[in-house]
Amino acid sequence: MPTMGAFQKGYLVAVILAIMTILEYLFAVGVSSTEVRFAGLAITALAKVYFIAYYFMHIYRCWREEAH
Amino acid sequence: MAVIAAHGHGVESHGASHMSPEKRLRVNRVGLWLFFFSESIIFGLLFTSRFFLLGTHQEHVDQFLGLVITIVLLASSVTAYTAETAMEKGNRKLAQWALLGTILLGVVFAVGVGFEWSVAEFGLKLSEEHHQEPQNVVFGTVFFTMTGLHAAHVVSGVGMLVLAFIMLSRGHFSKESHWGISSTIMYWHFVDVVWVFYYPALYLVAG
Amino acid sequence: MYAATTIGGGLGTGLLSFYLGIGVAALLRTMFGYDAWDRDFNATIGYIFGLVGWLMGVGMWGTWGREWFGLKIKDPHANSRKELGWQRYFMFNVDHKVIGIQYLATFLVVFMTAGLMAMIIRLELMGSGQDFISNKTYNTVLGMHGIMMVAVAVAAVVGGLGNYAVPLMIGADDMAFPRMNALSYWLVPPVAVTLLLSPFLGGLETGWTAYPPLSVLTDSAQTFWNVAIITFGLSSILGGLNFVVTVMFMRAPGMTWGRLPMFVWSMFVTAWLALLYTQGFAVALIMVTLDRIAGMGFFDAERGGDPLLYQHVFWFYSHPAVYIMILPGFGIALEVIGHFSRKPLFAYRYAVGAFLGILGLSGVVWAHHMFTAGIPNYLHGPFLVATELISIPTGLIFLSALGTIWMGKLWLRTPMLFALAVIFNFACGGVTGIFLADVPTDIHLQDTYFVVAHFHYTIVGGEIFGLFAGIYYWFPKMTGKMYNEKLAKLHFWWMFIGFNLTFFIMHWPGIEGMNRRIADYPESLQTANLIVSLSAFLLGSSFIVFIYNFINSWVRGPAAEANPWGARTLEWQTSSPPPVENFLTPPVIAGHPYDYGVPGAAPHVTFFPPAVGSPAGGGGGGQ
Ligand code: HEM
Ligand SMILES: [Cu+2]
């Protein structure tokens with residue numbers, strides 16, 4: 001999302017995270033198999049962490065120069 | 001390893017007190033990430049203990065309340081993100097408002113957890129009411145410990161946000177130099193990351 | 001005067017905050033409808049307040065805390081620059097050289113105290129039957145000896161020698177986070193005080209491992225002990241973090257990863273271990289504390305908990321912790337053997353790989369401490385194999401040491417003697433480890449003196465001998481004085497013989513099935529124990545020589561040269577002791593640290609512009 005402004009980018013990520021949270025909730029109460037539920041929750045959690053760590057916490061700035 | 005790779009050829013400037021501001025920032029940033037890394041092992045061990053003791057068993061919790069506080073915490077990340085981005089663009093007014101919003105949402109979250117504790121349907125004692133079921137106690141143990149440790153981080157995060165807010169209002173920090181705010185906000189996001197795992201582990205894993 | 005204000009200020013604010021914390025706890029308890037006073041609960045809250053008060057009182061407030069409120073701070077470097085003499089060791093000082101010496105001195109005192117406790121233990125065990133002390137006292141002394149020695153083993157080399165030498169060896173002027181470095185040190189005194197007070201607060205019953213259910217049920221100083229050890233863990237974690245970042249970012253130009261001295265590599269890997277695993281001990285103890293003071297049920301089988309959980313979490317730290325102990329020992333041994341064999345270190349890359357391999361494997365072997373604890377049988381095989389796999393990297397380190405000695409011109413000064421002893425002793429400790437890692441033999445040997453002999457061979461024989469190698473090696477650099485070589489050699493042989501007698505013979509009652517941690521044993525083991533005790537006294541007395549030599553040489557020893565060993569590495573290319581900023585001109589690294597006698601090898605260090613008064617040519621001479 002290189003052409004987007006910094007604020008918009010963050011809000012888009014937040015919307016994605018919110019949708020994922022709701023879906024995660026619906027998925028958990030809807031699915032009956034424990035294994036499937038566990039796997040689904042684990043994958044969602046990892047995906048959410050990726051979004052937060054990359055777009056909110058800017059982990060890449062550890063190894064890439066910061067743009068001023 | 002990427003960090004190591006990027007710095008494989010030694011350093012440009014010499015020594016701690018002669019470090020350039022850019023380098024100081026990088027060093028602080030990596031240090032803070034290592035701190036998160038180290039903290040996540042504490043959280044991770046408790047998370048693992050929960051499954052070690054109970055498998056995927058779970059007592060009844062208030063699903064609606066859980067979803068609401070999760071959304072509140074997510075909303076606080078958005079305000080936190082706004083504050084940091086505003087600082088980077090030099091918009092101090094917006095940053096102040098966003099910090100204030102984060103603080104309020106953080107307090108709401110903490111109060112939510114406290115409320116959750118007061119209505120919890122599990123305890124730390126074997127009771128008639130729960131048919132003397134040990135699993136009830138163990139769930140209480142891991143639930144209170146995990147949410148308690150997380151809430152302690154939320155509260156300390158709120159404290160740091162308040163300090164950052166006061167300093168910002170007093171005229172500290174600038175577009176170029178605001179590590180105090182960035183680090184606090186990174187910490188806040190980290191607390192959110194923990195909840196990303198704790199919420200499903202405590203509320204959703206048994207459906 | 002300065003020292004008195006620092007310590008007095010720390011104690012004053014610390015005590016005040018302690019009482020404040022107790023009050024706050026009482027208030028909270030009444031608010032939520034409990035009795036106002038519960039010894040362990042109130043004391044825990046008091047301890048946390050007291051700890052913060054102490055830190056702020058010793059100087060963190062002025063140099064750090066004020067910053068959080070947007071106030072102006074004092075220059076944290078002021079304490080090192082002033083001509084303060086000995087007083088700078090008693091202040092919140094951010095100079096890594098001062099902190100290194102603070103750590104070293106503190107932990108030598110802890111080491112000697114815990115050593116005296118070992119003498120009491122051996123006195124009691126000299127004869128069968130109860131001779132000198134009650135069972136309760138025995139447990140307390142044993143527990144204190146254990147935990148204090150563990151603390152020495154994880155902090156003396158890392159905090160002491162590591163802090164002192166690593167920034168010098170990589171050409172930095174300090175650690176990456178100097179104030180946090182001071183913080184790690186100043187967290188230690190409250191820990192030491194709490195531990196030393198525990199006999200008066202109810203004693204200790206659980207040994208250093210604090211297994212539940214006993215640690216939950218016991219009415220002893222357990223909670224105080226828990227919070228003290230958690231604090232100590234925090235100190236290790238912050239220290240580890242600091243080393244990792246320092247080695248990553250503070251290296252002088254040209255100091256590539258392939259040119260790092262072995263000791264720095266070992267510190268780097270050790271720091272990762274401390275950073276990644278110490279939390280295990282803390283979490284385990286937090287769970288015990290919560291069970292004790294908040295009525296949680298982690299380990300209460302009746303309420304559904306599981307005491308085995310503790311052992312898993314605990315050993316998840318405490319096995320990697322044994323590598324936190326031994327890797328610095330290996331690092332010093334390779335460093336010293338490299339310089340004192342006067343030829344390039346053999347298989348440098350493989351030795352580095354071995355350190356990294358140990359880092360990787362150390363996290364997946366913890367259950368070898370639990371073979372008899374009731375873990376499922378299917379876990380025996382994997383943990384057996386994983387444990388024995390670690391012999392491969394360990395073997396590489398041995399090969400590197402032996403290959404360096406091979407055909408080298410050994411210069412048998414005291415540091416070298418100690419370094420060679422590390423290799424010799426650890427071989428014995430490693431071999432007994434194999435017996436313990438094999439499930440069938442371990443089922444017989446678990447919880448006997450064989451285990452005690454094993455870990456003393458690895459920790460004392462490996463790390464503590466390494467610690468002394470390092471102390472003698474860097475003594476001239478740290479103090480600017482030279483120690484007395486004759487006395488040092490006397491110390492070495494005395495300690496070496498005493499150590500090997502004590503712990504070699506200790507395997508024997510172990511194989512006979514003598515249980516550890518018990519104050520008494522059957523008549524039939526009398527002879528073995530008598531010999532072990534007498535040898536232990538021999539070992540213990542050897543430190544008198546060391547203490548005398550250490551203090552006497554520091555006070556009135558002959559002045560040391562900048563580079564008495566003619567070593568190539570950076571720390572020897574500056575004056576002894578080094579100036580506050582370490583190097584007067586920035587060093588540039590051009591060659592490998594161990595290229596002794598290699599034709600055409602570039603010197604390890606050059607200075608730009610060339611330093612006045614520092615030894616010429618960046619080392620390499622001094623055969
Ligand atoms: C060569 C590799 C090693 C192997 C295969 C090994 C194996 C073992 C095993 C299986 C045990 C459990 C014994 C039992 O309780 O039944 C043990 C105990 C122990 N080892 Fe090692 N070990 C090795 C190296 C080390 C090193 C390097 C250290 C420390 C520097 C160390 C320190 C300890 C300690 C402290 C204990 C006992 C802990 C306690 O129960 O209090 N070991 N070792
Ligand atoms: Cu082990």
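The structure presented is a predicted model; accordingly, all values stated were derived computationally and were not measured. A note on names: the letters A, B, ... follow the listed sequences, proteins ahead of strands, and every chain is numbered from 1.
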So for [X], is it side chain, backbone, both, or neither that comes closer than 4.5 Å to the heavy atoms of chain A?
{"X": "B:F36", "answer": "side chain"}
{"X": "B:L67", "answer": "side chain"}
{"X": "B:A201", "answer": "neither"}
{"X": "B:Y187", "answer": "neither"}
{"X": "B:L34", "answer": "neither"}

If every non-hydrogen atom of [X] is compared with every non-hydrogen atom of [Y], which pair is closest and at what distance?
{"X": "A:A14", "Y": "B:V78", "value": "CB-CG2, 3.4 Å"}
{"X": "B:V196", "Y": "A:A45", "value": "CG1-O, 3.6 Å"}
{"X": "A:I22", "Y": "B:I71", "value": "CD1-CD1, 4.3 Å"}
{"X": "B:R26", "Y": "A:C62", "value": "CD-O, 3.2 Å"}

Quick check for you: among [options], which has the greatest number of heavy-atom pairs under 4.5 Å with chain A?
{"options": "B:W33, B:F197, B:Y199", "value": "B:W33"}
{"options": "B:I185, B:T82, B:D192", "value": "B:T82"}
{"options": "B:W188, B:Y203, B:F51", "value": "B:F51"}

Exercise for the section: Examine whether an atom of A:L17 lies under 4.5 Å from a heavy atom of chain B, and if so say whether it belongs to the side chain, the backbone or both; otherwise answer neither. Expected result: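 Contact with chain B: backbone and side chain both.
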Problem - Note, A:M57 side chain near B:V193 side chain (heavy atom, < 4.5 Å) - result: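 A side-chain contact exists here, since the closest heavy-atom pair is under 4.5 Å.
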Exercise for the section: Name the orientation class of the two ring planes belonging to B:Y81 and A:F56 (parallel below 30°, tilted from 30 to 60°, perpendicular beyond 60°). Expected result: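 B:Y81 vs A:F56 ring planes: tilted.
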Nearest 0.5 angstrom please: [X] [atom1] to [Y] [atom2], how far?
{"X": "B:T70", "Y": "A:E24", "atom1": "OG1", "atom2": "CD", "answer": "8.0 Å"}
{"X": "A:I59", "Y": "B:R29", "atom1": "CD1", "atom2": "CZ", "answer": "10.5 Å"}
{"X": "A:Y55", "Y": "B:H189", "atom1": "OH", "atom2": "NE2", "answer": "14.5 Å"}
{"X": "A:F7", "Y": "B:L94", "atom1": "CZ", "atom2": "CG", "answer": "5.0 Å"}
{"X": "B:T85", "Y": "A:H58", "atom1": "OG1", "atom2": "NE2", "answer": "5.5 Å"}

Problem - Over 12 non-hydrogen atoms of neighbours within 6.0 angstrom of CH2 in B:W179 - result: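 Yes, because the 6.0 Å sphere around CH2 of B:W179 holds more than 12 heavy atoms from other groups.
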